[in-house]
Each structure stands twice: as C-alpha cells, then as structure tokens.
2 protein chains.
Amino acid sequence: MLHSATDFPAELLNRYGSTMSGLPNVRRPATLASLAAELGVSRTTVSNAYNRPDQLSAPLRARVLEAARRLGYPGPDPVARSLRTRKAGAVGLLLTEALSYAFRDPAATGFLEGLALACEQAGQGLLLIPVSPEHADVTAVHQAGVDGFVVYSVREDDPHFLAVLERPVPTVVCDQPHGVEGVDRVGVDDRAGMLSLTRHVTGLGHRRVGVLCMRLGEGRHDGLADQQRLQNATYPVQRDRLAGLRDGLAEVGVDWADVPVIERFEHSVEAGQNGAAELLGARPDITAVICTSDILALGALRYAGDRGLAVPDDLTITGFDGVPEAERAGLTTVRQPLLEKGRVAGELLLERGDRNRPRRVMLPTELLVGTTSGESRTEQRFFSGW
Amino acid sequence: MLHSATDFPAELLNRYGSTMSGLPNVRRPATLASLAAELGVSRTTVSNAYNRPDQLSAPLRARVLEAARRLGYPGPDPVARSLRTRKAGAVGLLLTEALSYAFRDPAATGFLEGLALACEQAGQGLLLIPVSPEHADVTAVHQAGVDGFVVYSVREDDPHFLAVLERPVPTVVCDQPHGVEGVDRVGVDDRAGMLSLTRHVTGLGHRRVGVLCMRLGEGRHDGLADQQRLQNATYPVQRDRLAGLRDGLAEVGVDWADVPVIERFEHSVEAGQNGAAELLGARPDITAVICTSDILALGALRYAGDRGLAVPDDLTITGFDGVPEAERAGLTTVRQPLLEKGRVAGELLLERGDRNRPRRVMLPTELLVGTTSGESRTEQRFFSGW
DNA sequence: TTGAAAGCGCTAACAG
DNA sequence: CTGTTAGCGCTTTCAA
C-alpha cells in the first residue's frame, strides 16, 4: 500500500531545529581536538582519518570514525578548514539584478545552467551573492567565502563589481563590462551580430525603423533615449548592439539621429509591450521594430497582436539572444550560445594550471531568420505612392 | 559616438588573474595584523574600523582605511571572520538532480526564485551544492560553508541528504522527504490535490486511465511500474500523488491493479512523449492520461499531436504543478504555489528568533481545469455499444 | 605511523 | 576610545 509517513533512522535526526539567523550558531557538539583527547591520540591523527586515510592504519582509522559517530562529531568544520587551506571550494556569482531575476530571465537561466555545469564538474559550489539593488550595500561581496568570482553582465561602475575587484581572488566577467585589465572575459561580438541582423532587415526594404532597448545607464529611465544618453551608456552590450544597428542603417543611408530609441529600465515582456506602444504611438510610420533583446521583442509581438497588427506584413519585429521562448515564437533574432557562455566562464575561472589559455573568449553568434520579419508593405506603398 | 573600449581606473585592477583551482590561492597582500603593526595601533582598532565604526574616532578610522588602500588590504578575510563569528552568511541548497537541472525545470526554477527572494531579503548568500549523481560523493556537503541547508525534493535515502543531517546546522526540507524529525518542512498536500483532479477526470466519465509518473526510487528504471515498485517508492511526492489517484479511482470502482503506471527516470518533455507512446502502445483503449507532472503532460500532449489524436476529444491529458508553460498550453492540472514554497522554505530557515512559528507548512493547491480534459467519446461509444 | 608545534586571520570580552 | 588576551577549529611541516 502507498503511504506517506516515513520512519526515519533515529540516529540521523538533526537535533538542531532552531532558526539560524540572528542567533549565534549552535555550538558544535565536538571538535577534532576533543575527539583526539577522548581517544588519546593527536589531532593530526584525527585529521588524517578524514583527509588522508592512507596515513594511518585501518583499525586506528576505524576507531577514530567510530568515536566520532559516538560523540556526534560531524567531521572537520568546513570554515576552519577553508581558513587553513585557503580555499573555499566555491565560486561567487555576481548579477546586476536582484538575485531572483536570474531565475526569471531565460537568457540568464541559460548562462547559469552552463556555469553550474562547469562548477559541478570541478566539484565547486556556486554561491549566489545577494545584491540589494536598493541600498548600494557591498557587504555581501566582502562576506562571500569564495575562491573567485564570475560577474554576469553588470554596469561598468557597479559598486558591487568594484568591491569584487578589490578582493584578492581571480575574476571572470561575462559580457560586460569590457576592458577590465587582469580580468578574463567571455562574450560575443554584439556589434557584429546586430550588424548582420540589421542588414537582413534593411535588405527587406525597411528604412523607417524604431528601436527598443534595455537599460542604458544608471538610474531609472523609461522612454526616448536622446543622443546624450546613448553616448553615455554604461552598458557596453547595449552600446555595441546599438552601434551595430547604427552602422547597418548607415550602409543604406539612414541617419541614426532620425531613429527613435525607446529605453526600458525593466527587462520584461510587459516592458517590451508598453515600449512598443510608446514607440509606435510616437512614430506610427515605423515598419520595423528592432529590439535589443528577445524578451522585449516578445513584448512587442504581444503589442502587435493586441493591436491587430499583422507580423510581419504590417510590422517586422526582431530580437536578440535566441532564448527558447523566442525560437518557439518564430522570432527573427540573433542567437548567442548562452549555455556555452556560462560554461566557458566557469572554465576560465576553474581551468587548472594552464597559464597559456586565452583570457578573452569571443563566442560566435548566428542570425536566425524567423517568421517575424518580412518585406514591408508600407514601404512598398510608400514607394509606389511617390 | 558609441564605442566599446573602456578605460578602467587603474587602481581597481585585479592583479590576480591566475586560475584558482588546484593551485593554492594567491596570498593576501596584507592582513589586519600587518596593517595594525604598520599603523602602530592594535588589531582591535583596525577591526573596529571595519565592523564598528562608532567604536573609534572618525579621523583614526580614516587613517586606517587610507592605510588599507595604500597597502592593498582588501578588508577582513571573510573566511577568518566566519570562523570567528560562527556564521557563514549563506544558505546551502541541496538538489536531487545535477545542479544544472535546477535551471531547466520550471518547477525548480520557480522554487529557486522564491528561495532567492528570501535569501536576498535576509542578506544571505545562496550556495548551490554540487552533487555528482554519478559518484555518491558527499564531500561537497561537508565542504559547504553555510549556516543552514534547504533540501529540495530529494529521495528519502539520498546520501547527500544524510550528510546534510549530520551537519550541526538547521535544515529545511521542501516537498520530500517527509517526516524527518527535527527538520522543518514546507510542501503541499499532493494526495488531496491529485484526488480532486481525479474526481474531475472521473466526473467526465473516464474509467480507463493510464498514468505517467516520475522517478519512483533508486536506480534507472523506465517502463511499467509494478505493484512492488509502487509500494517501495522512496519519493513521497510521487507516492502521494499516486495514492490520491488511486483513492479517486476507487471512488468510482476502478481497481488500481488494473491501472497501468509508466515510470520515467528522466524528467523532461521527451520523456513524457515517449512515455505516452509506451502507455498507449500497450493500452490503446485508454481515454485519459494522468501525469504526475506538467512536464510529462506536456510531452504527452506532444505525442498526441504527433499521432493526430485530438485533445480532449480523443484523449484527456492532465498534469501537476501549474508551471507557466503548462498554463499557456491550457493544460488541466493542479497548481501549487511554487515561488511561495521557495520563499517559505527560506523564511523557515532564516526567520529570526521566533520559536513558536510553525515547523510544518502546508501550502494550498488549486485545481486548474484547462482545455485538455473533456468527456471521453470513446467511453460513450463503449457504453452505447453494450 | 604518530605527535608536537605553529599558525591561517580574525573578533570579542574585558580592562584601561 | 584603545589595547591585551584568548581563542574559533583546523592542517601541516617536521621530527620522533
């Protein structure tokens, strides 16, 4: 019969049910030293019983382990061991957004999966550093017991990132910031990726395009990004994608100054949706909406659906990233190897010994032509009307 | 102009570009003691400069911090501090699957998001423990410098879990295992949830149902689960869901022994797809496929689509969990508050001081009737034919 | 094989 | 406001 109650081995019960925060931690029932004293052997011997089984006789080792069980000694304290050995056995991960965001954004999720894979393989833990976007409180970075950091796509002047740099441990950056000396980096050529996408769009005849982009700099800004804001952007990835777009448009004679760029602070489908509304509200003549991320593009798609605009017949919409959702939706986008980025970031940090490995890894992107881009009928009308 | 190269403040450069694993860590350039010596003050004073700014004069503190910058002292070593204060400032998370799985399974992702939220709010890090499903290597659990553990849905006899119980820190379990004394738990009433779903299905007239379920016990098993295996199941969640189903079927006189249960080791859409194939291949007369997870149900749905079976007209398919994908697909399922479970797990562990809070939290579930369940035409045919 | 000695780097009484 | 004293629990030469 199926039943849900379980009899659990009594000797394995955790007797430490108290809450952990605020209060000092439960005192360890026994230490390596007390065990050694009890047994009348040296601390070295007990330590060896755990860390170097070959350094003592099997019977003695058994005696030690038996006494440990009897006295409730849980094995060497990991923190004390870390202090002594100077390794924590974990990699710290710094994200620009609130921690929980990492599990909502599919691009971040892909990256994390790859990073977790690399950590797993190296037997390293992955410590997610809690950053409070509200308070610029950097203590979490100082507090992290890790052997190195992976920094995922943060602003150049992010205070947490600066705090990471002060820690005497190796650091690997994914995507941004760029050009930090002594710090390895993995990313893609965002500019080239966007350039090829732009050529695809202009090749379909589009000339009146509008842009939806992610956060460009510090502070909560939503709406039209003027030239000033574009130039001062502190997110290199957005900067590069926009630069690729600008170059691609320049090739067909479209003046960048005439291209409306709508910025969104939040990165969500809703933001894309209302961003598209703002964009097309201000410039109804636009025939193509270029988004600097798939999530925003998915939102634009939703907006189009709500307004009864046919995609791509009435409106071309493109994204960037190549997340699974976008692929399912048939979005025209630039795919980047998200999982691979995470894995490479981990390997860059964890790779043993090899001093000659590359310090900058540039992964390839791929233009994915879906069903959301097509020749603009409006454009044709425009020409024929002339 | 947009550009991607960045000039980075020279004094912030990380000079520790070496790989971290295998090699001993880079030696800290300075310590609290050396700083104190250099300044001619006591170590306490330096410590206070960082941890208790109100315990020393502002000018002296400034002098200390200035000297720290000059000597490249990165601030108190987090590991040494942890050893001294007996708190690591992090929560360990143990998952039954490979770490990277957590980022692929939407149910796990929802849970993680909630847990991350709670950690973030408490300023605690979240350490993902790397478990090698291959080797039963428990060292990662021993090595984790954490103040407590959250265990997410593991088998009752999982060796990693047993190792967690040996650690002298508080532990909270989500979902399973059940009934571990001294360990708090958060979960839902899986049995009741499945019972109400079953009543919905039988209410639609279905009598010949088949089941697709997740891993039931140790070892890689794929295929029909016999009574023996069902009874020995070491995953209480699966056990409970099946028990609810059995009870619901019993209410309308369906004998549980006649109900085929197909088990899948992997939890993926593909597994659901080929599981459904196996189920219907063996029992083509089935009118409803009950899955114990949405992911499996999504796979069954795909199978039905491939085979040209109309859902729900030819086949009723149901899930369990209420993940976003399932909701989008209109799946009939039981929704459980995934994010909330994560948050409660975190709060159970981190809640300060309150010794009277509940130790077992049971969250509500909700039957979600979608478009994948309906009256069985086959069943009607069956009756009319008699 | 085993043990003695020497810290890893820091914080927390407590006394001045 | 500052310093002295005492470890936190462990690993690791080195010598016996």
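Letters A, B, ... mirror the listed sequences (proteins, then strands); counts begin at 1.
- Rounded to whole Å, atom P of D:dT13 lies 13 Å from atom CG of A:N51.
- Although no hydrogens or angles enter the test, the distance criterion places no donor-acceptor pair under 3.5 Å between the side chain of A:R167 and the main chain of A:F149.
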What protein N or O atoms touch nucleotides 1-4 of chain D N or O atoms at under 3.5 angstrom, if any, and at what distances?
{"from": "D:dT2", "atom 1": "OP2", "to": "B:S57", "atom 2": "N", "distance (Å)": "3.4"}
{"from": "D:dG3", "atom 1": "OP2", "to": "B:S42", "atom 2": "N", "distance (Å)": "3.0"}
{"from": "D:dG3", "atom 1": "OP2", "to": "B:T45", "atom 2": "OG1", "distance (Å)": "2.8"}
{"from": "D:dT4", "atom 1": "O4", "to": "B:T44", "atom 2": "OG1", "distance (Å)": "2.7"}

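- Of the listed nucleotides (C:dC8, D:dC8, C:dC10), C:dC8 has the atom at the smallest distance from the side chain of A:L83.
- Using a 4.0 Å heavy-atom criterion, one finds that B:R52 contacts the sugar-phosphate atoms exclusively.
- Between A:F103 and B:F103, the ring planes lie parallel to each other; the angle is under 30°, not in the 30° to 60° tilted range.
- At a threshold of 4.5 Å between non-hydrogen side-chain atoms, the residues B:L350 and B:Q124 count as touching.
- Spacing between atom CZ of B:R81 and atom C1' of C:dC10 amounts to 9 Å, rounded to whole angstrom units.
- Residue A:L35 contributes atom CG, which lies 13 Å from atom P of C:dG3 at whole-angstrom precision.
- Side chains of A:D184 and A:V186 form no contact here, defined as non-hydrogen atoms less than 4.5 Å apart.
- In this structure, the CG atom of A:L32 is 12 Å from the P atom of C:dG3, given to the nearest Å.
- Rounded to a whole Å, the OH atom of B:Y73 is 10 Å from the P atom of C:dG9.
- Taking atom OH of residue A:Y50 and atom P of nucleotide D:dT11, one finds them 10 Å apart after rounding to whole Å.
- In this entry the distance linking CZ of A:R84 with P of C:dC10 reads 15 Å, nearest Å.
- With hydrogens and angles disregarded, no donor-acceptor distance shorter than 3.5 Å links the side chain of A:D175 to the backbone of A:G187.
- Rounded to a whole Å, the NZ atom of B:K87 is 13 Å from the P atom of C:dT11.
- For C:dG9, neither phosphate oxygen OP1 nor OP2 lies less than 4.0 angstrom from any side-chain nitrogen or oxygen of B:T31.
- Only one option out of A:V151, A:V180, A:V150 pairs with A:T171 in a side-chain contact (heavy atoms from CB on, under 4.5 Å); it is A:V151.
- Salt bridge annotation for A:D54-A:R52: absent, with no cationic side-chain nitrogen under 4.0 angstrom from a carboxylate oxygen.
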